[in-house]
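To start, the structure itself, in structure tokens.
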4 protein chains.
Amino acid sequence: MSKDVNKVIFLGNVGQDPEIKVLPSGTRVANFSLATTERFRDEMGEYHDRTEWHYLVALNKRADVIRDYVQKGSKIFIEGKQQTRSWTDKSSGEKRYRTEVLILDISLLSPFDSSRNGQNGNGHRGHSTSTQSNGNGEFNHSPVPQEAMANTYGEPAYDDEIPF
Amino acid sequence: MSKDVNKVIFLGNVGQDPEIKVLPSGTRVANFSLATTERFRDEMGEYHDRTEWHYLVALNKRADVIRDYVQKGSKIFIEGKQQTRSWTDKSSGEKRYRTEVLILDISLLSPFDSSRNGQNGNGHRGHSTSTQSNGNGEFNHSPVPQEAMANTYGEPAYDDEIPF
Amino acid sequence: MSKDVNKVIFLGNVGQDPEIKVLPSGTRVANFSLATTERFRDEMGEYHDRTEWHYLVALNKRADVIRDYVQKGSKIFIEGKQQTRSWTDKSSGEKRYRTEVLILDISLLSPFDSSRNGQNGNGHRGHSTSTQSNGNGEFNHSPVPQEAMANTYGEPAYDDEIPF
Amino acid sequence: MSKDVNKVIFLGNVGQDPEIKVLPSGTRVANFSLATTERFRDEMGEYHDRTEWHYLVALNKRADVIRDYVQKGSKIFIEGKQQTRSWTDKSSGEKRYRTEVLILDISLLSPFDSSRNGQNGNGHRGHSTSTQSNGNGEFNHSPVPQEAMANTYGEPAYDDEIPF
DNA sequence: TTTT
DNA sequence: TTTT
């Protein structure tokens with residue numbers, strides 16, 4: 001009842017073609033970075049741009065959508081939650097942290113440019129008809145069970161690699 | 001994929017004890033108004049408060065939580081979506097509109113004051129153990145199917161009454 | 001310190017060319033409606049679209065941006081706050097209400113189609129160089145004073161008309 | 001016009017008394033961590049809590065409010081933007097990153113417990129009447145110039161320290 | 001009244 | 001590393 005809130009909203013441009021992985025468990029994972037640029041005026045009244053880079057992650061059906069429709073330069077809107085993963089650096093033995101945003105909802109604001117070749121060459125770009133990319137449940141607040149999140153509990157493979 | 005976004009976020013105080021109804025279909029409906037107050041300075045530099053009132057609606061499990069834990073004066077945080085219902089005024093024959101926010105997520109920020117009597121006297125206030133109020137599904141982005149929204153499709157009873 | 005929150009976020013399509021007014025005080029006002037469409041599945045598993053219409057208002061510099069760059073069909077992202085205006089219906093003497101969203105931040109997601117003629121024919125479309133539309137301060141959280149809101153206090157002309 | 005969006009919303013509990021610094025430039029900086037906890041069900045249907053920790057930063061007037069009214073355990077609502085700072089680790093020479101959320105708006109949801117002693121013992125806790133803590137500008141979208149953000153441009157001192 |  |  002007294003729930004907390006962890007909500008992130010970004011509208012920006014994708015920095016490079018998303019990287020798609022499939023974990024041993026079958027979970028599909030999409031990783032990419034997103035730029036948000038803000039314009040501001042300095043004390044002299046001159047305009048400057050400042051770009052912030054964000055690391056994004058999506059799982060399963062959302063990862064499929066990203067694999068099929070998102071590429072370098074795409075403008076997207078996402079809603080997600082912030083999470084920080086940690087791991088121990090193998091060479092130094094130090095603990096490292098990576099903060100990322102897990103995508104829970106995504107809207108694509110650019111037409112997909114089919115003339116550009118994705119670098120993962122997975123043959124799934126465009127309106128794929130494969131089972132995987134044909135997921136339902138990509139609508140927020142829909143009556144469809146959101147199994148993606150269920151899968152992350154006890155998911156071991158996702159956590160033991162150096163991120164990005 | 002190119003989904004739209006309709007999102008409302010309020011943090012404010014409940015104006016009166018919520019009104020709880022059960023539709024013929026069994027759908028539970030909670031209605032109440034919420035005040036959000038903002039402070040601003042006028043041209044003279046003096047502070048003023050301006051209060052805005054919002055009409056909120058919740059269905060099923062969220063309505064149960066509201067029935068059991070929300071009362072006049074409660075401070076709550078909600079996330080929802082804006083929707084406008086219309087009906088024809090029976091006396092004048094004119095079309096009328098009421099804009100409300102359908103609650104999709106709620107956080108209670110006040111302790112429940114059990115010394116105050118709710119006016120609906122439904123015996124469900126406090127930490128109820130009834131089946132209805134013991135709903136799951138009240139967690140945002142959870143793996144639990146969100147049946148509340150499914151029920152609203154083709155729901156006839158909800159639409160044919162003068163609101164509030 | 002214990003501030004309330006009244007925040008609305010929409011991503012959708014503009015229903016018609018915005019209506020632009022200038023109040024006697026000089027305040028510029030843009031009015032238009034915005035559609036947000038959500039897709040959902042009914043009990044049969046079939047997809048349906050449900051479109052919600054929202055009434056939007058923008059003042060001064062934001063109204064200038066809308067006059068110059070927004071038209072029927074534009075896809076936009078807005079952040080704003082919900083407010084309900086009331087007036088007394090002159091014929092029936094009854095109190096009427098209109099809930100609208102005051103735009104505080106806007107992002108344009110469609111290129112402006114200069115081949116279509118705006119119906120307000122104000123000669124301000126495109127990259128206008130007039131003083132009015134050349135406002136700064138259209139960036140949220142910027143160091144620029146946001147005079148638009150200041151002007152709304154004690155603004156009489158904005159309130160005495162039947163809306164939309 | 002085609003602005004990006006970088007927005008973070010948290011509702012959670014403060015992990016420890018905030019650390020307050022004053023930079024050589026006079027900028028006040030508040031640093032603290034915030035926990036957001038979500039409840040979810042695993043495949044067995046059992047409930048678990050997962051807590052995420054977030055690093056928060058506030059500047060100037062918002063830092064003053066935090067210094068005076070926020071302590072370990074406080075429940076707060078914040079709106080801000082995500083930013084990642086980087087520095088070179090002095091011992092290893094490696095580049096390090098820390099993602100934090102810069103607070104742009106804050107609402108305090110707990111009464112301040114004056115019986116607990118803040119560990120920074122700055123004598124400013126409680127309803128301070130000092131000039132610094134009596135800032136205006138703490139209202140979002142207000143007509144007050146938001147000088148805090150202006151100060152961050154070209155701010156050198158803030159960037160050359162190992163964070164947190 | 002929009003859009004895909 | 002994106003975009004206008």
Side-chain angles (χ1 to χ4, degrees), chain A residues 10-19 31-40 47-56 65-66 69-78 100 106-113 116 118-119 127 138-139 163-164, chain B residues 1-6 84 86 95 97, chain C residues 10-19 31-40 47-56 65-66 68-78 100 106-113 116 118-119 126-127 138-139 163-164, chain D residues 1-6 84 86 95 97:
Chain A
F10 292 146
L11 172 57
N13 296 287
V14 171
Q16 74 288 113
D17 284 347
E19 176 191 352
N31 282 291
F32 61 100
S33 53
L34 184 81
T36 58
T37 300
E38 81 181 310
R39 182 153 296 175
F40 64 101
Y47 284 102
H48 300 264
D49 282 351
R50 188 191 287 124
T51 293
E52 196 65 35
W53 286 97
H54 313 279
Y55 289 92
L56 303 196
V65 169
I66 287 162
Y69 298 108
V70 171
Q71 61 196 163
K72 177 178 175 175
S74 295
K75 180 156 292 244
I76 65 172
F77 173 91
I78 69 100
E100 61 199 17
I106 183 167
S107 293
L108 310 180
L109 304 171
S110 309
F112 184 77
D113 183 352
R116 269 197 279 165
Q119 60 207 20
H127 282 269
E138 64 267 63
F139 301 102
F164 306 110
Chain B
M1 246 91 45
S2 184
K3 267 168 304 170
D4 289 347
V5 175
N6 172 1
T84 299
S86 66
K95 197 146 195 195
Y97 300 89
Chain C
F10 291 145
L11 173 57
N13 296 287
V14 171
Q16 74 288 114
D17 284 347
E19 176 191 351
N31 282 290
F32 61 101
S33 53
L34 184 82
T36 58
T37 299
E38 81 181 311
R39 182 154 295 177
F40 65 102
Y47 284 103
H48 300 263
D49 282 352
R50 189 191 287 125
T51 294
E52 195 65 36
W53 286 97
H54 314 278
Y55 289 92
L56 303 196
V65 169
I66 287 162
D68 291 341
Y69 299 107
V70 172
Q71 61 196 164
K72 177 179 177 175
S74 295
K75 181 158 290 249
I76 65 172
F77 173 92
I78 69 99
E100 61 199 18
I106 183 167
S107 293
L108 311 180
L109 304 172
S110 309
F112 184 77
D113 182 352
R116 267 198 280 163
Q119 60 207 21
H127 283 270
E138 65 266 62
F139 301 102
F164 306 110
Chain D
M1 245 91 44
S2 185
K3 268 169 302 171
D4 289 347
V5 175
N6 173 359
T84 300
S86 66
K95 196 146 194 195
Y97 300 90

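Given the structure is predicted, the values throughout are model-derived calculations rather than measurements. A, B, ... follow the sequence lines: proteins, then strands. Residue 1 opens every chain.
- Under the side chain to side chain donor-acceptor pair (under 3.5 Å) criterion, C/Asn13 pairs with no residue at all, not counting sequence neighbours.
- Atoms CZ (C/Phe10) and C1' (E/dT1) sit 16 Å apart, rounded to a whole Å.
- Between the side chain of A/Ser33 and the base of F/dT1, a donor-acceptor pair under 3.5 Å is found.
- The nearest whole Å value for the distance from the CD atom in A/Glu38 to the C1' atom in F/dT3 is 15 Å.
- Nearest to the side-chain atoms of C/Arg39 among the listed nucleotides F/dT2, E/dT4, F/dT1 stands E/dT4.
- Picking from F/dT1, F/dT3, E/dT3 the nucleotide with the shortest atom distance to the side chain of C/Thr37 gives E/dT3.
- For the side chain to side chain donor-acceptor pair (under 3.5 Å) test, no residue two or more places apart in sequence or in another chain qualifies with C/Lys72.
- The interatomic distance linking C/Glu52 (CD) with E/dT1 (C1') rounds to 13 Å, in whole Å.
- A straight line from CG of A/Leu109 to P of E/dT4 spans 12 Å, rounded to a whole angstrom.
- Comparing E/dT4, F/dT2, E/dT3 against the side chain of C/Asp49 picks out E/dT4 as the nearest.
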For a side chain to side chain contact (heavy atoms under 4.5 Å, CB included) check, start with the C-alpha distance between A/Leu109 and A/Phe77, then their side-chain angles and the critical distance, and finish with the verdict. CA-CA 7 Å; A/Leu109 304 171; A/Phe77 173 91; 4.1 Å; yes
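- In this structure, A/Lys75 places its NZ atom 6 Å from C1' of F/dT3, rounding to the nearest Å.
- Of the listed nucleotides (F/dT1, F/dT2, E/dT2), E/dT2 has the atom at the smallest distance from the side chain of C/Ala35.
- Contact annotation: the side chain of A/Lys75 approaches that of A/Leu11 to within less than 4.5 Å [non-hydrogen atoms, C-beta and beyond].
- Looking at heavy-atom distances under 4.0 Å, A/Thr51 makes contact with a base.
- Regarding C/Tyr55, its OH atom lies at a distance of 11 Å from the P atom of E/dT1, rounded to whole Å.
- Under the 3.5 Å distance criterion, the side-chain polar atoms of C/Gln16 are left unmatched by any main-chain donor or acceptor of C/Phe32.
- In this structure, A/Gln16 atom CD and F/dT1 atom P are separated by 10 Å, rounded to whole Å.
- Remark: P of E/dT4 and CG of B/Asp4 are 10 Å apart, rounded to the nearest angstrom.
- Here C/Trp53 does not pack flat against the base of E/dT2, since the 5.5 angstrom centre distance and 30 degree tilt limits are not both met.
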